[in-house]
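First the structure, in the form of C-alpha cells, and then the observations on it.
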Amino acid sequence: YGPGSWGSTTACGVVLARNTLGLANRTLPCGTKVALYYHGKTMVVPVIDRGPYGDADWDLTQATAHQLGMESAGRVTLGAVSLPARR
C-alpha cells in the first residue's frame, strides 16, 4: 500500500495514510495482531484489510515495510504469526 492508496478506506474501515501500520490477509479477522520478523527486526501490527489477491500471504503497508527495513517494493520472505486475542 503506497501513495496511490492513501486516503482510501480498507475493508476493515481503516483510512490509509502515509504512516498507517498494518497488513492485509485473506483469512484473519480485522484487528488480529500479527507479529512480523524480517532481517532481525520484529514488530506487531493489526490486520487492516482483506487480500492480497495474488500468491502472497501478506500485503504490508508502506509504513510497515519501512519500519521493518524493507528497502524496495516487491516480494520478500518474512516470518509472520498471528497472536491470540486477549480476553
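On a predicted model such as this, the values are computed, not experimentally measured, just so you know.
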Quiz item: Mind checking whether Leu23 and Val47 have side chains closer than 4.5 Å, heavy atoms only?
Solution: yes

Practice problem: Measure the spacing between OG1 of Thr32 and CG of Asn25 and express it to the nearest 0.5 Å. | Solution: 8.0 Å

Self-check item: Residue from Thr10, Leu16, Thr20 passing side chain to side chain contact (heavy atoms under 4.5 Å, CB included) with Ser5
Solution: Leu16

Practice problem: For the residue pair Asp49 and Asp59, establish whether any side-chain heavy-atom pair is separated by less than 4.5 Å. | Solution: no

Quiz item: Residues in side-chain hydrogen bond (donor to acceptor under 3.5 Å, both in side chains) with Thr42, at least two apart?
Solution: none

Quiz item: Can you find a heavy atom in the side chain of Val34 that is under 4.5 Å from one in the side chain of Leu83?
Solution: no

Quiz item: Is there side-chain contact between Tyr37 and Leu78, with at least one heavy-atom pair below 4.5 Å?
Solution: no

Quiz item: Taking all atoms of both residues into account, what is the closest heavy-atom pair of Arg50 and Ala24, and its distance?
Solution: O-CB, 3.6 Å

Self-check item: Inter-residue atom distance Tyr38.OH - Met70.CE, 0.5 Å rounding
Solution: 5.5 Å

Self-check item: Which residues share a side-chain hydrogen bond (donor to acceptor under 3.5 Å, both in side chains) with Thr64, sequence neighbours left out
Solution: Thr61

Exercise. Could you tell me whether a side-chain N or O of Arg26 sits under 3.5 Å from a main-chain N or O of Pro52, the two making a donor and an acceptor?
Key: yes

Self-check item: Side-chain heavy-atom pair Pro84, Lys33 within 4.5 angstrom cut-off
Solution: no

Quiz item: Considering only heavy atoms from C-beta outward, does the side chain of Met43 approach that of Leu21 to under 4.5 Å?
Solution: yes

Exercise. Compare every heavy atom of Arg18 with every heavy atom of Trp6, then report the nearest pair and how far apart it is.
Key: CE2-CA, 3.5 Å

Self-check item: Side chain proximity check, Leu36 to Leu68, heavy atoms < 4.5 angstrom
Solution: yes

Quiz item: So do Leu28 and Trp58 actually touch side chain to side chain, heavy atoms under 4.5 Å?
Solution: yes

